[in-house]
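Below is one structure, written out as structure tokens; comments come after it.
All values derive from a computational prediction rather than experimental measurement. As a basis for the values below, the full set of heavy atoms in this structure was taken, side chains included, without hydrogen atoms, waters or symmetry mates. Below, chain A is the first sequence line, B the second, and so on; all start at residue 1.
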There are 2 protein chains.
Amino acid sequence: MKALIFNGKLTFVTNMPIPEPPKDEALIKILMVGICNTDIEITKGYMNFQGIPGHEFVGIVENVNNADKSWIGKRVVGDINCACGNDNCEYCIKNLGRHCPNRTTLGISERNGCFAEYITLPINNLLEVPQKITDEIATLTEPLAAGFEILEQINITKKHEVLIVGDGKLGLLINHALSTTSAKITHVGKHKEKLDIALKNGSKTVLLNQMPDKLFDVVVEVTGSMSGFEFSLKHTKPRGTLILKSTIAANQKIDLTPVVVNEISVIGSRCGLFKPALNYIEQNPNPLSEFIEAVYPAENALSAFEHAKRRGSMKVLIDFR
Amino acid sequence: MKALIFNGKLTFVTNMPIPEPPKDEALIKILMVGICNTDIEITKGYMNFQGIPGHEFVGIVENVNNADKSWIGKRVVGDINCACGNDNCEYCIKNLGRHCPNRTTLGISERNGCFAEYITLPINNLLEVPQKITDEIATLTEPLAAGFEILEQINITKKHEVLIVGDGKLGLLINHALSTTSAKITHVGKHKEKLDIALKNGSKTVLLNQMPDKLFDVVVEVTGSMSGFEFSLKHTKPRGTLILKSTIAANQKIDLTPVVVNEISVIGSRCGLFKPALNYIEQNPNPLSEFIEAVYPAENALSAFEHAKRRGSMKVLIDFR
């Protein structure tokens, strides 16, 4: 099968064997995949991952091993964290398989990903995609779920003033997710045309260089830069919450004094549940089409990767149909 | 009056004028004061504070200005944050005057502190000290309140396994505060004799070099060192809580990746309410006497400061009686 492989270098191959689904897993024929910043980080050494990267997909179940055969033929997306599912796993029993210590993660840790014609994934991870959602939009389920994750972690109500910092694609998907609350949302970024997406969602938008000296109850940091973290901390109220959505700024010199003095809660936030994201996509397919910047055929997957690396690019997809 | 003054250098003087209490404030004759690590940090430039440092005190109200005269003659401790108290201050109305943006802080910010024979403090900040509590033990109210602050911020129940990292005096006072919960507490530090205080409180104790590879629901970081922060992060469960109790480790290179990947909540924690601390002291005066290492007469205040700087020292007090 065709696949992108990373082993210190990213290569496009056509002779990978089609994987065999282990017990309780499905063999999925990939339709389309999205390229995430994490994939780009992986090609720089993140997680020391080697193999087939990729974790944003939509596909069709082609076969199952020791599982409900009614899945065969269904179009699906799937949670990328493959948990142990044991009754005595304190994370799995709380529906927190994405923190299961024995998990593998699609295209990120110990499991080949979806930049290929086929993957296998546990049946329990799958959700059927409603017919009205296109393949293109369905690939947004995973990153949008990461946005909805914030609402699994903290309670956001109309009493809250929320600031989203960063107008990249994840920041804007988070805007979609948080727009389902009744909070007052302000979105700050560097690009007027990107911020217009947030504006259409009902947010107030501000260009970075015009940001007033104002504090917020909840600040979501999605820039992945050191200056973005400091900016976010500076705009978080005492006793407020700063959601950290990006790991990229890690391992830099950080002054955490304001966290202690102002008793701020800094909450890391990663993968989310797919169901709320898929529900949202079903109800709002059109606004999300703005996120798709380009679709490349599988044979041009390396070019798609180069495109995705461009600063400010929106979602770049690879078509394996 | 006698006072310790810091203006780039710490000096003991005897000719400071006695302060006049502003409207709604009390003039308090100081009995005893404790030296805190924050005071030592102030003499290194923390907060750019100049004036009389000191914020852990017990004293007697000698006069009041435009306030309830029944306070006169009472022995008191007092909250160090002097808030605006306005009905339209979002912090003051929530009993969070310690985050009021217009606050001054005794001996730390914009207000002379208690290393002196007299201070003034708003009547609203005062609590009467029950008769059975000695002057020595009463000085522990402020740092113990900082320990109880954790219980104002998060809910700790018997379902939680808690790790306290650091066996300095604040770490051990926090142990006293958290021992009022039904959580399973482990206290890790470098000094067996210090950890014995935690052991008497019913905690499990572990020497740092014997720490097992175990994760906790709640970890309280009280070492003020970079390695302590990293150690604490390493021992926090996914979706767990790391309470940051010290600012000293700030402005160093920190890898926050585990915060995001494991969705950890890092919660800064500072000053607390005095009432729970004073109640606890009233009920447990004897165990707390272990915290008092030395008492110096006012004239030897500079020596007291040198003593307090010694690594591993417990509480050093200055006697202004």
Side-chain angles (χ1 to χ4, degrees), chain A residues 38 41 46-47 90-91 94 96-101 103 105 108-109 146 149-150 152-154 159 161 215 217 221-222 224 226 229 233 236-272, chain B residues 38 41 46-47 90-91 94 96-101 103 105 108-109 146 149-150 152-154 159 161 215 217 221-222 224 226 229 233 236-272:
Chain A
T38 302
E41 290 301 309
Y46 179 63
M47 296 294 285
E90 68 171 302
Y91 298 97
K94 286 187 233 163
L96 282 175
R98 50 205 194 280
H99 289 294
C100 167
R103 73 186 181 277
T105 310
I108 295 177
S109 175
E149 175 69 351
I150 296 169
E152 297 281 323
Q153 296 179 280
I154 63 165
K159 283 189 300 190
E161 289 210 74
L215 302 181
D217 303 291
E221 191 320 279
V222 214
M226 193 51 220
F229 179 82
L233 199 50
T236 310
K237 272 189 193 173
R239 286 274 183 128
T241 301
L242 196 173
I243 301 282
L244 265 194
K245 257 299 175 191
S246 38
T247 57
I248 311 163
N251 212 3
Q252 298 203 39
K253 212 168 162 181
I254 295 174
D255 186 355
L256 291 177
T257 302
V259 174
V260 178
V261 171
N262 295 323
E263 297 194 323
I264 289 168
S265 296
V266 179
I267 301 183
S269 181
R270 198 174 43 106
C271 301
Chain B
T38 302
E41 291 300 310
Y46 179 63
M47 296 294 285
E90 67 171 301
Y91 299 97
K94 286 187 233 164
L96 283 174
R98 52 206 193 280
H99 289 295
C100 167
R103 74 187 182 276
T105 309
I108 295 177
S109 175
E149 176 69 352
I150 296 169
E152 297 281 322
Q153 295 179 279
I154 62 166
K159 283 189 299 188
E161 289 210 73
L215 301 180
D217 303 291
E221 187 329 273
V222 214
M226 193 52 221
F229 179 82
L233 200 50
T236 310
K237 273 189 193 173
R239 286 275 183 126
T241 301
L242 196 173
I243 301 282
L244 265 194
K245 257 300 175 191
S246 38
T247 56
I248 311 164
N251 213 2
Q252 298 203 40
K253 211 169 163 181
I254 294 174
D255 186 355
L256 291 177
T257 303
V259 174
V260 178
V261 171
N262 295 323
E263 296 194 324
I264 288 169
S265 295
V266 179
I267 301 183
S269 180
R270 197 174 44 106
C271 301

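No side-chain heavy atom of B:Val260 sits less than 4.5 Å from a side-chain heavy atom of A:Lys245. At a threshold of 4.5 Å between non-hydrogen side-chain atoms, the residues B:Gln153 and A:Arg239 count as touching.
The salt bridge (Lys or Arg N to Asp or Glu O under 4.0 Å) test applied to B:Glu161 returns B:Lys214, not counting sequence neighbours. Taking A:Thr236 as the reference, A:Val219, A:Leu242, A:Ile264 meet the side-chain contact (heavy atoms from CB on, under 4.5 Å) condition, with sequence neighbours excluded.
Within the model, atoms CE of B:Met47 and OG1 of A:Thr257 stand 10.0 Å from one another, a figure rounded to the nearest 0.5 Å. Between atom NZ of residue A:Lys237 and atom OH of residue B:Tyr91 there is a gap of 5.0 Å, rounded to the nearest 0.5 Å.
At a 4.5 Å heavy-atom cutoff, B:Ile243 makes no contact with chain A through either its backbone or its side chain.
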| message | Is there a salt bridge (charged side-chain N to carboxylate O under 4.0 Å, His left out) between A:Glu90 and B:Lys159? Walk through the geometry before answering. | response | CA-CA 12 Å; A:Glu90 68 171 302; B:Lys159 283 189 299 188; over 6 Å; no
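Of the possible donor and acceptor atoms, one in the side chain of A:Glu263 sits under 3.5 Å from a partner among the backbone N and O of B:Arg270.
Closest approach of A:Val266 and B:Val259 over heavy atoms only: O-CG1, 4.5 Å. Closest approach of B:Arg103 and A:Val261 over heavy atoms only: NH2-CG1, 4.2 Å.
Here the options are A:Thr241, A:Ile267, A:Ile154, the test is side chain to side chain contact (heavy atoms under 4.5 Å, CB included), and the partner is B:Ser265; only A:Ile267 passes.
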